[in-house]
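The structure displayed is predicted, hence computed values, not measured ones. Throughout, a chain's letter reflects where its sequence line sits, starting with A, and its residues are numbered from 1.
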2 protein chains.
Amino acid sequence: MEAQIDEILKKNQLSVTGSRKRILELFLMSNGALAHGDIEKKTGEKFDRVTVYRTLQTFLEKGIIHSIPTSDNSVLYALCKDDCTEGHHHDNHVHFICNKCGKTICLADVTVPEIKIPGGFLPQDYQMVVTGLCAECR
Amino acid sequence: MEAQIDEILKKNQLSVTGSRKRILELFLMSNGALAHGDIEKKTGEKFDRVTVYRTLQTFLEKGIIHSIPTSDNSVLYALCKDDCTEGHHHDNHVHFICNKCGKTICLADVTVPEIKIPGGFLPQDYQMVVTGLCAECR
DNA sequence: GACTGACATGCAACTTTGTTGCAAAAAGTT
DNA sequence: AACTTTTTGCAACAAAGTTGCATGTCAGTC
Ligand SMILES: [Mn+2]
Ligand SMILES: [Mn+2]
Ligand SMILES: [Zn+2]
Ligand SMILES: [Zn+2]
């Protein structure tokens, strides 16, 4: 794991620092998505709030994590697959949010269907969020 | 329009007040979705910020508007169709967000496909957001 | 291993966004 | 018009996010 973290950071030309290692570790350990608040709680007093904001911003720009849309004024983040890069993301998978436990899961195997859109629109990215009950909660 | 606004409010057993009329008018006039901030700006000094929050909350509960998920810590709201009620919404349509002008449009004719989800999940609601360029911006 | 420029972090101060309790005002009812 | 219920504005607060800057840490070089 330690090695994996280093590898991810170096591959993205980021210097290996305490906060980046810790936050990346949180993503690797968690099987769901994380909100800014989650990370702040889990890192405790270890890092400044501002550092968490800036680290997530950096990860997002580098394509290490991707954001997941929600309807409740929060943004969730999850690890991208290996082949995501700064410009081009490949995280066109469906996300599942459990209405009971709140856990958000990347359904990496479920691809978002590219539907037809009438009118003059030029679609570039498709996102799909499914809410319901997860396996543990149903 | 005045009559239409009154009708919507009365149908939902809401007393007809200045702020509700004005905010409903904004939704009826706009062809896209509105964020809380948009409404605050457009109503100007006319109403307190708290009133806007509470009005949107009320409209949401009554099924007059629905929320649209976004990836940027904001929530967008748009008018529901006539047949949405407190318990049961029928706004299972795709939403389009323009990357250039930022406008968000309800594609009322495009239904969200109900995809198959593996594993023990129990899906209840499907949402789909497409980003790209709108007809004016492309 | 020490030196050094580039970059990351913490702190403080600030802005913006959202929440709550309560008294005053407005809306609906008779 | 009088009364009851609901809505609103205000104030005070809490939470979330931003910015500038001094200090600390990192990665590469000697
Ligand atoms: Mn994902
Ligand atoms: Mn809509
Ligand atoms: Zn669950
Ligand atoms: Zn546009």
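The other members of the hydrophobic cluster of B:Leu76, by chain and number, are B:Ile68 (side-chain heavy atoms under 4.5 Å, ILVMFWY only). Apart from A:Tyr53 itself, the hydrophobic cluster it occupies contains nothing, where clustering links Ile, Leu, Val, Met, Phe, Trp and Tyr at side-chain heavy-atom distances under 4.5 Å. If you chain together ILVMFWY residues whose side-chain heavy atoms come under 4.5 Å of each other, B:Phe47 ends up in a group of its own.
Linking Ile, Leu, Val, Met, Phe, Trp and Tyr whenever their side-chain heavy atoms come within less than 4.5 Å puts A:Val16 and A:Leu14 in one cluster.
Nearest-nucleotide positions on DNA chain C place A:Arg20 closer to the 5' end than the other of A:Arg20 and B:Val16. Between B:Arg49 and B:Ser15, the residue whose closest nucleotide on DNA chain D is further toward the 5' end is B:Ser15. Place A:Phe47 and B:Thr17 on DNA chain C by their nearest nucleotides, and A:Phe47 ends up nearer the 5' end.
At a threshold of 4.0 angstrom between heavy atoms, the contacts of A:Lys10 with the nucleic acid are absent. Note on A:Thr58: nothing from the nucleic acid sits closer than 4.0 angstrom, heavy atoms only.
In this structure, the helix from C:dG1-D:dC30 to C:dT30-D:dA1 shows an angle of 30° between the axis at its start and the axis at its end, each fitted on 5 base pairs and rounded to 10°.
Using a 4.5 Å cut-off on side-chain heavy atoms (C-beta onward), B:His95 and B:His93 make contact. Side-chain contact check for A:Leu60 versus A:Leu56: every heavy-atom pair is 4.5 Å or farther apart.
Note that the first and last nucleotides of DNA chain D, 5' to 3', having any atom under 4.0 angstrom from a heavy atom of chain A are D:dA16 to D:dA27. Once you apply a 4.0 Å limit to the heavy atoms of chain B, the touched nucleotides of DNA chain C run 5' to 3' over C:dT17 to C:dG28.
Listed by chain and number, the residues in a side-chain contact (heavy atoms from CB on, under 4.5 Å) with A:Gln57 are A:Glu61 (sequence neighbours excluded). With sequence neighbours excluded, the residues forming a side-chain hydrogen bond (donor to acceptor under 3.5 Å, both in side chains) with B:Thr70 are B:Asp72, B:Ser74, listed by chain and number. Listed by chain and number, the residues in a salt bridge (Lys or Arg N to Asp or Glu O under 4.0 Å) with A:Asp6 are A:Lys10 (sequence neighbours excluded).
Nearest approach of A:Val75 to B:Asn73, heavy atoms of both residues: CG2-N, 3.1 Å.
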**Prompt:** Given A:Thr104 and A:Tyr77, is the side chain to side chain contact (heavy atoms under 4.5 Å, CB included) satisfied, shown in steps?
**Reply:** CA-CA 9 Å; A:Thr104 298; A:Tyr77 303 96; over 6 Å; no

Identify all side-chain donor-acceptor contacts of residues 106-135 of chain A below 3.5 Å with residues at least two apart in sequence or on another chain.
residue  : atom : partner : partner atom : Å
A:Gln124 : OE1  : B:Asn99 : ND2          : 2.8

Run the side-chain donor-acceptor check on residues 19-35 of chain B: report pairs under 3.5 Å with partners two or more places apart or on a different chain.
residue : atom : partner : partner atom : Å
B:Arg20 : NH1  : B:Ser15 : O            : 3.1
B:Arg20 : NH1  : B:Ser15 : OG           : 3.4
B:Arg22 : NH1  : B:Glu25 : OE1          : 2.8
B:Ser30 : OG   : B:Gly32 : N            : 3.0
B:Ser30 : OG   : B:Gly32 : O            : 2.7

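Contacts between residues 32-42 of chain A and DNA chain D, defined by a heavy-atom separation under 4.0 Å, are absent.
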